[in-house]
Amino acid sequence: MNSEFPQTLLFALFEGRATPLQKKLVREWLLEPANREAFCAALETYETEHPQYQADAEAGFRRFRAEFDEPVMAPAHRPKALRLRLGWGGWLVAASVVLLIGLGFGWRESVFQLRYETAFGQTRTLLLPDGSRVVLNANSTLRVPRFGFGHRTREVRLDGEAEFSVVHTQTHQPFVVKTARDLDVVVLGTEFTVFSRPRASKVVLKRGKVRLNYAVRSERRQLTLKPGDVMTLDPEGRARLQTTRRPETHSAWKDRRVVFEETPLSEIVQIFEETYGIHLELPDAGVARLTLSGAFTASDADELIRTVTDALGLGFRREGNTIYLTPSASD
Amino acid sequence: MNHAYPFRPSPPDDPFSSRQNPSGGGSEPVSSDPEWAIRRAFADDPRAAFELLYRRYYAPLCSHAARLVYARDVAEDLVTELFVRLWQQEDYRRVSGSYRAYLFTAVRNRAINYLRWEHGHTERFDPDEAPDRPDLLADDPLAFEELAEQVNQAVGTLPPQCRSVFLLSRFEGKKNREIAEELRISPKTVEGHLTKALTLLRLALRPYWGCGLLPWLWAWGWECGCLVG
């Protein structure tokens, strides 16, 4: 009956943060068999959104297909390969036996860090153990320490783009977002957006106060942002501070919206590369200077390119991961 | 397959038994549920349906198991074996609730059983003969969470070097020699760290296994349950 059990409580439980009282509530709730179904659904969501590690389903399936493909009903033909075993108390041996397959690179660092990734065209909301919320935009990675997050450190590393809602802790533990370009955002509790991709870095503050530590030609600098401030840092290390009256437009992507403000097509080309992994081929250099303003809703690359080309009076043709823009809408 | 865990070919306690199965509520398919699509697919083309099921749940199941067994390869083997059973014994025909509930419940049981085996609390347990234990989950649906919390806490409180060695060994499947080289310590020290880590883990988990009598009771209770069922 009561299948509306709060997901946040279940997630707290899965994270190991539930109080004994909360566990008691969950146990009582689970007495109703139908609720176990909801519990498992929450488990799936949790393991998808906050995986302990990212297992490779493709490799797993290939292995499965190679070894255990056919249904075998007779008990005599049970799978042999899985019965390999060593002696008792052999956990040391177990530990030293090397996993020969599927050792993805990048795993090394993630032993001590949890790594959250989004694919092209995907956004994802994460709840960190300290209660802070992060919305990751497409093609982005957030690394979070596996141990001690919230107690010893609140330092995360971002590649890509994300919106942070950081909660203030009782111990005033600072929350630090590190980026690839020697730019750290230090906060106590606030809402802001960080963009960190090869073409530039950008921090937009919605509420509260943040301090930026950055370096210009290896000279350390500090800057404190006020709400509405937009700080950009280009690849050459030039910083630029602007203000915006609508900081939320910088995180419109989390609602699958795109906001352009006199945005040149050349920048839209970069947005497609970053967000969808799609290359836009322009017919000529003049087109690149066209600009676009407005807020658009687009759930995927095709929808967005249709909107953009409609607005600019262009046509397009998609071939795999390349979209060719054509001079007129009559393709 | 390179792990030391004895994979039992046919654990009969996969969650068919009534006490684990969401009776009634879960078995009514809802049309918007992807589960329902998979169920339909099993009727038409089991092979394709199984593939759907595998691709959908493999990664979250592995991630879930890893929270308890703290080893990537063990987690993947547990999940693979679960799917092997589902496919080879055609258990997919008998899942009455959702596949999701079946898979998650089963993987939780298997992870707990693995941990119990690893910590040597199933002395009487012949991996090839004995069935999976009737799970702790039957008694406490949150046994997995309780154990995972203990494991996490225990790993979190290991001294840094000891923890590094433990994680490199368990999560990366590195050999002691490789760990020794990487951390510039002697292989003996690596062994020492691993022994220490496991001892501390065992200590942390001891209260959860019950001592002595309880495993026997479990086994006995299970056999009775089996005969009745």
Side-chain angles (χ1 to χ4, degrees), chain A residues 13-14 16 18 23 26-27 30 32-37 39-41 43-44 47-48 51-58 60-61 63-64 68-73 75 78-79 81-100 102-103 107-108 111-112 147-148, chain B residues 1-7 9-10 21-26 51 54-55 57-60 62-64 66-67 72-73 76-77 80-81 83-84 87-90 97-98 100-101 104-105 118 120 127-128 140-142 145 148-149 152 156 167-176 191 194 198:
Chain A
L13 171 75
F14 301 151
K23 286 180 195 163
V26 176
R27 283 190 177 98
L30 282 172
E32 177 66 47
N35 290 340
R36 303 209 171 177
E37 199 68 46
F39 182 83
C40 288
L43 261 186
E44 188 202 355
E47 292 297 351
T48 308
Q52 175 86 335
Y53 81 99
Q54 197 63 53
D56 185 346
E58 284 309 309
F61 192 68
R63 181 173 82 153
F64 176 85
F68 316 102
D69 203 9
E70 292 310 312
V72 180
M73 289 306 289
R78 280 166 183 166
L82 278 172
R83 295 167 77 182
L84 187 77
R85 65 195 169 93
L86 304 176
W88 281 100
W91 93 270
L92 267 178
V93 187
S96 63
V97 168
V98 185
L99 175 69
L100 291 171
L103 264 187
W107 178 246
R108 170 73 188 82
V111 171
F112 301 100
F147 296 103
Chain B
M1 221 84 16
N2 294 300
H3 52 75
Y5 177 55
F7 282 90
S10 62
N21 250 347
S23 56
E51 188 170 339
Y54 201 105
R55 287 182 199 278
Y57 290 116
Y58 180 81
C62 287
S63 167
H64 194 53
R67 282 178 207 280
R72 181 185 153 121
D73 52 349
E76 291 179 3
D77 283 352
T80 302
E81 201 230 355
F83 276 110
V84 166
W87 179 242
Q88 293 194 331
Q89 308 293 316
E90 300 195 1
S98 72
R100 174 169 53 208
F104 272 101
T105 312
E118 187 190 38
D128 274 336
D140 177 7
L142 302 187
E145 278 71 26
E149 218 171 277
N152 242 330
L167 291 175
L168 285 170
S169 171
R170 301 273 294 215
F171 254 106
E172 283 196 75
K174 277 198 193 297
K175 287 180 178 160
N176 291 4
E191 262 173 52
L194 287 173
L198 189 75

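Throughout, protein chains are lettered first and strands after them, A, B, ... in sequence-line order, and every chain is numbered starting at 1. In what follows, every heavy atom counts, from backbone to side chain, and hydrogens, waters and symmetry copies are set aside. Values in this document were obtained by computation on a predicted structure and should not be read as measured data.
No close placement of the Y58(B) and F61(A) rings is indicated, their centers lying 6.0 Å or farther apart.
For A66(B), the parts lying under 4.5 angstrom from a heavy atom of chain A are both the backbone and the side chain. L43(A) touches chain B through backbone and side chain together, each having a heavy atom under 4.5 Å away.
Using a 4.0 Å cut-off between charged nitrogen and carboxylate oxygen, K23(A) and E149(B) count as a salt-bridge pair.
Listed by chain and number, the residues in a ring pair (Phe, Tyr, Trp, His ring centres under 6.0 Å) with F14(A) are F39(A), Y46(A) (sequence neighbours excluded).
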Report the C-alpha separation of E76(B) and Y53(A) in whole Å, then their side-chain angles, then the decisive distance to 0.1 Å, and conclude whether the side-chain contact (heavy atoms from CB on, under 4.5 Å) test is met. CA-CA 11 Å; E76(B) 291 179 3; Y53(A) 81 99; 2.8 Å; yes

Please report the C-alpha distance between Q52(A) and H64(B) in whole Å, then the side-chain angles of each, then the deciding distance to 0.1 Å, and finally whether the side-chain contact (heavy atoms from CB on, under 4.5 Å) criterion is met. CA-CA 7 Å; Q52(A) 175 86 335; H64(B) 194 53; over 6 Å; no

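Between chain A and the options C62(B), A148(B), G156(B), heavy-atom pairs under 4.5 Å are most frequent for C62(B).
Looking only at distances, a side-chain donor or acceptor of Y54(B) sits under 3.5 Å from a matching main-chain atom of G60(A).
The shortest non-hydrogen separation linking R55(B) to A57(A) is O-CB, 4.2 Å. The two residues P51(A) and S63(B) make their nearest non-hydrogen contact at CA-OG, 3.3 Å.
Rounding to the nearest 0.5 angstrom, the gap separating the OG atom in S98(B) from the CD atom in E44(A) is 9.0 Å.
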